[in-house]
Amino acid sequence: MPVATKDVLRLATVGSVDDGKSTLIGRLLVDTRLVADDHLDAVAAASERRGVGDLDLSFVTDGLRAEREQGITIDVAYRYATTPTRKLVIADCPGHVQYTRNMATGSSTADLALVAVDVAAGLKEQTRRHLVIAALLGVRALIVAVNKMDTVEWSRAAYERVVDDVGALARVLGATSVVAVPVSALHGDNVVERSTRAPWYAGPTVLEALEASDAGAWERSCGSRLPIQWVLRQGGGGRSYAGLVSGEALRVGDAVTLLPAGIETSIRAIRYGGRALDEAAVGLAADVELDHETDAGRGDLIATSPLPRVTRELEATVCWFGDDPLDLRGRRLRLKHTSRTTPVRVRALEGRIDVGSLEVTDADALATNEIGLVRLATAEPLVVDDYREDRVTGSFVLVDEATHATVAAGMVGRPPFVTVRR
Amino acid sequence: MTALAPPSTTPGLDHLDALESHALFILREVVAECERPVLLFSGGKDSAVLLHLAAKAFAPQGLPFPVLHVDTGHNFPEVLAFRDRAAARVGARLIVARVQDSIDRGRVPDPGDLASRNRLQSVTLLDAIAEHGVDAAFGGARRDEDKARAKERVLSFRDEFGQWDPRRQRPELWRLYQGRVNPGEHVRAFPLSDWTELDVWQYVAREGVDLPSIYFAHERPVVARDGMWLAVGEFVRPRDGERVEERTVRFRTVGDATGTGAVLSNAHTIEEVVAEVAAATVSERGATRGDDRFSETSMEDRKREGYF
């Protein structure tokens, strides 16, 4: 049976607590009739029980008891929506600084950030922090919903002030596209339905901007990458190496290098779910056979040129989520990069990124939710690209050796938008 | 040039291939990182798809983990037959943990023959996880099912009491799934997290995944109760004032037979079910699960206790 293939856009909401992110997503889903009748009834019943009006739209995604009691988002809610032209995977993220780790979780797989800004409050420190984190994570397309326009009587001047402030920061952060929309998520203006209250605005609604965004469009990378996850033993004694293809598609006959060993060989066969293929597209969980019999295994990486680097020393940017500060004498850590996990030490802490000034200042430690530049030394060699070249081979997490908790998100390399002050 | 390869966006890849590949990736990653995984299998459509994916992920070898069925004792006979058939087809070792044994051992109170055993399953499940030293349990849960599930990580940490703490979830960045735990703790792994009910049915259609016959329209005696159609049988008997009617129904979910409702339906084929699901305005759990109606946060409360 044919299944309609639809372009998928992954988006994360970004912005400060109380600027209306969850209400915006609730409005988007309700007005596109993408909330099931019984879920909507339950939102209405919960709203009444908590005395917050007929329909508190934030309850569409704020599903935990504590979230509804406090009227805030604690962790990411994922929602799936299909419009006439594309599929949306929506990560509704928390705005509170305490839950920055959850915002980073939601943004790390996003193509686009839907930024909510309360027009009356302007661009807050926390919104700047989120925009910086989203930029670090490589989210370069923004839709800015300038929200609560009803509270400033749809003032064009107030709207433009916010658009100028966000636009200036977005340019510095290297955003490739910024679309601003004046909205009232509460009343439904310019989210799905076009508003008559802003005759001076001729641009798209939020839904139209989402449908038109090319954030999900493919850009060619610098080579194909297949981190080996698992070795499958084939009949007749052969082996194939399973992993998720990143960077560029991999083809039968491609000259490849097995890293970190540096063995040059080529792709003899590609399979997916037992079916032979000529080519494995990016994102396919393929398995491949190599021309030379080698003892490759989990943690090794198959690459086409230009090749990634093999290194035990990393310059990296980290978002620290641990409860205790990160310093040079801290807890024992492990690093997970693609399918390889290795002990790691922090060699040097080169500074903290001030999200206000985008300057790197000296620091002895990083507190919870701070972002810094570090130099790391790993026990085993890693096969890396700069994060800005490849999101898969450029990313890692740090794990506490004792509790196994994930305590940091790391990106290989330095963000271009920070300046080091000495 | 600096080009960014989003890990999620895959032009050239059909959306079902993208979902399938992500699921295969999760299955392989958990098996590589954890010592003793199991696959939780209820006999429902989601676990049938999960088992199909698991077989694909490790072919031509067999499944590198056993399949665990938590048996409430309140089963549809078609589902039990399907369970045995499905496990045999992929050559999986089947472990059955019985809620009745938990009742007999005094681990949980006996709610009586005709009461739902849905909530009791958590104890039986956690006991089985402890008994078999399981450190990772695959489940077929999807984020579109419920507002608490919508909040859960792909790899969801459980403490030594089996509890989920929604305020202290591990950060989960990119596709760097991190499943290590200390002894006594475990993770639940949900390869179908990003699938919707419609995706599952489209995938069933594409792959020809075998399912229990009760997912398709058939004639059955039912009674109307609590706004649902309950199948009259061993575990559901008509109460005073209830009228038994013969109706053409199918099941959208499969759970404890005392609390799983049928929906009126003429969808006899997979294609007809796909069309029905695409047009549905009521969610699958809303239409069929009595256990989700107790309170605003039923699923969250059960999940905190260790539920699937």
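All values derive from a computational prediction rather than experimental measurement. Letters A, B, ... mirror the listed sequences (proteins, then strands); counts begin at 1.
Residue A/A91: no heavy atom, backbone or side chain, is found under 4.5 Å from chain B. Heavy atoms closer than 4.5 Å to chain A are found in both the backbone and the side chain of B/F58. A/R334 touches chain B through its side chain: at least one heavy atom from C-beta onward sits under 4.5 Å away, while N, CA, C and O do not. Only the side chain of A/V399 comes within contact range of chain B, with at least one heavy atom under 4.5 Å from a heavy atom of that chain. Residue contact with chain A, scored on non-hydrogen atoms closer than 4.5 Å, involves the side chain of B/D199 exclusively. With a 4.5 Å cut-off on non-hydrogen atoms, B/A57 touches chain A through its backbone but not through its side chain. Heavy atoms of B/R153 lying under 4.5 Å from chain A belong exclusively to its side chain. Only the backbone of B/V181 comes within less than 4.5 Å of a heavy atom in chain A; its side chain stays farther off. Contact of B/T196 with chain A is made through the side chain alone, with heavy-atom distances under 4.5 Å.
For the residue pair A/T105/B/E172, the side-chain donor-acceptor check at 3.5 Å is not satisfied.
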*Would A/Y78 and B/R142 satisfy side chain to side chain donor-acceptor pair (under 3.5 Å), going step by step from the backbone distance to the final call?*
CA-CA 10 Å; A/Y78 293 91; B/R142 310 187 321 268; over 6 Å; no
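Taking the ring centroids of A/W230 and B/F25, they lie at or beyond the 6.0 Å cut-off. The six-membered or imidazole ring of A/Y80 lies away from that of B/W195, with a centre-to-centre distance of 6.0 Å or more.
Ranking A/G274, A/S339, A/A242, A/A286 against chain B, the residue ahead of the rest is A/A242, based on heavy-atom pairs under 4.5 Å.
B/S21 is listed as a side-chain neighbour of A/L244, based on a closest heavy-atom distance under 4.5 Å. Put simply, the side chain of B/K147 does not reach to within 4.5 Å of the side chain of A/H39, judged on heavy atoms.
For CD of B/Q163, the number of neighbouring non-hydrogen atoms (other residues, nucleotides, ligands) closer than 6.0 Å is greater than 12.
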